[in-house]
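In what follows, a structure is listed as structure tokens, so that the remarks can point back to it.
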Amino acid sequence: MTAEKLQTIAFKWFETFNNKELEKLLSLYDEDASHFSPKLKIHKPETNGFVTGKEALREWWQDAFDRLPSLKYKVTSLTANEDRVFMEYIRTVDNEDDMLVAEVLDIKENKIIASRVYHG
């Protein structure tokens, strides 16, 4: 895949996430995709920060959307090659300090197969 195509997927990811269009967001993922997030580790310690599969992703993001209705991500940088996108963004939530976040999307055959979130 081209870097441009991967960037298009990443921008669609931000659009669907910020609009809380959960099913459209999930449609960007492979059925067996994995996801790691420090926030997941905090809110669901039994996962050790990892979930696998669309159902687990649906559960995690629906919970986040319900708990944090003002949650938004603002893209600051995207870098892509033929199979990976590195995204930097600002996480905003009402009554919380903004947080700088980096996330990596591994993409194969037009679907996200893994995502990893990094922040302090």
Legend entry - NZ-CZ distance between K24 and F17, expressed to the nearest 0.5 angstrom: 16.0 Å

Inset, instruction - Can you establish whether the number of heavy atoms outside E23 located under 6.0 Å from its atom CD is more than 12? - result: yes

Legend entry - Trace of the side chain to side chain contact (heavy atoms under 4.5 Å, CB included) decision for R67 with Q62: CA-CA 9 Å; R67 281 185 296 106; Q62 187 62 64; over 6 Å; no

Legend entry - Close side-chain approach of R58 to L22, heavy-atom, < 4.5 Å: yes

Legend entry - Residues E96, R91: salt bridge by 4.0 Å N-O rule: yes

Legend entry - Y73 and F14 aromatic ring geometry - parallel, tilted or perpendicular at 30°/60° bounds: perpendicular

Legend entry - Reported CG-to-OG1 distance for the pair L28 and T16, which is rounded to 0.5 angstrom: 5.0 Å

Inset, instruction - Ignoring hydrogens and angles, tell me if any N or O in the side chain of K54 forms a donor-acceptor pair with the backbone of L26 under 3.5 Å. - result: yes

Inset, instruction - Determine, step by step, whether E46 and K41 satisfy the side chain to side chain contact (heavy atoms under 4.5 Å, CB included) criterion, reporting the C-alpha distance in whole Å, the side-chain angles of both residues, the deciding distance to 0.1 Å, and the verdict. - result: CA-CA 8 Å; E46 70 278 6; K41 191 172 185 175; over 6 Å; no

Inset, instruction - Verify, without hydrogens or angle tests, whether T76 (side chain) and E88 (backbone) share a donor-acceptor contact under 3.5 angstrom. - result: yes

Legend entry - Residue D98 excluded, over 12 heavy atoms near CG under 6.0 Å: yes

Legend entry - Any P38 side-chain heavy atom under 4.5 Å of V117 side chain: yes

Inset, instruction - Would you name the heavy atoms of A33 and I112 that are closest together and state the gap between them? - result: CB-O, 3.5 Å

Inset, instruction - Give, for atom CG of N18 and atom NZ of K74, the distance between the pair rounded to the nearest 0.5 Å. - result: 11.5 Å

Inset, instruction - Report the C-alpha distance between L78 and Y89 in whole Å, list the side-chain angles of each, state the deciding distance to 0.1 Å, and finish with yes or no for side chain to side chain contact (heavy atoms under 4.5 Å, CB included). - result: CA-CA 9 Å; L78 278 177; Y89 54 91; over 6 Å; no

Legend entry - CE on M87 to CG on L6, rounded to 0.5 Å: 11.0 Å

Legend entry - N19 side chain to E21 backbone, donor-acceptor under 3.5 Å: no

Inset, instruction - Without swapping roles, check the side chain of K111 against the backbone of S27 for a donor-acceptor pair under 3.5 Å. - result: yes

Inset, instruction - Quick one: closest heavy-atom pair of G49 and L40, and the distance? - result: O-CD2, 3.3 Å

Inset, instruction - Kindly state whether the ring of Y29 and the ring of W61 have centres lying under 6.0 angstrom apart. - result: yes

Legend entry - Distance-only polar pair, side chains of Y118 and R116, donor-acceptor under 3.5 Å: yes

Inset, instruction - Enter the distance from K108:NZ to N110:CG here, rounded to the nearest 0.5 Å. - result: 12.5 Å

Legend entry - CD1 on I113 to NE2 on H35, rounded to 0.5 Å: 15.0 Å

Inset, instruction - Taking the side chain as every heavy atom from C-beta outward, state whether I107 and V85 have any pair of such atoms under 4.5 Å apart. - result: yes

Legend entry - Ring geometry between F36 and F50 (parallel below 30°, tilted from 30 to 60°, perpendicular above 60°): tilted

Legend entry - Shared hydrophobic cluster, L100 / W13 (ILVMFWY, side-chain heavy atoms < 4.5 Å): no

Legend entry - F86 reachable from V75 in the ILVMFWY side-chain graph, under 4.5 Å edges: no

Inset, instruction - Check the hydrophobic clustering (I, L, V, M, F, W, Y; side-chain heavy atoms under 4.5 Å; chains of links allowed) and say if V51 and V104 are grouped together. - result: no

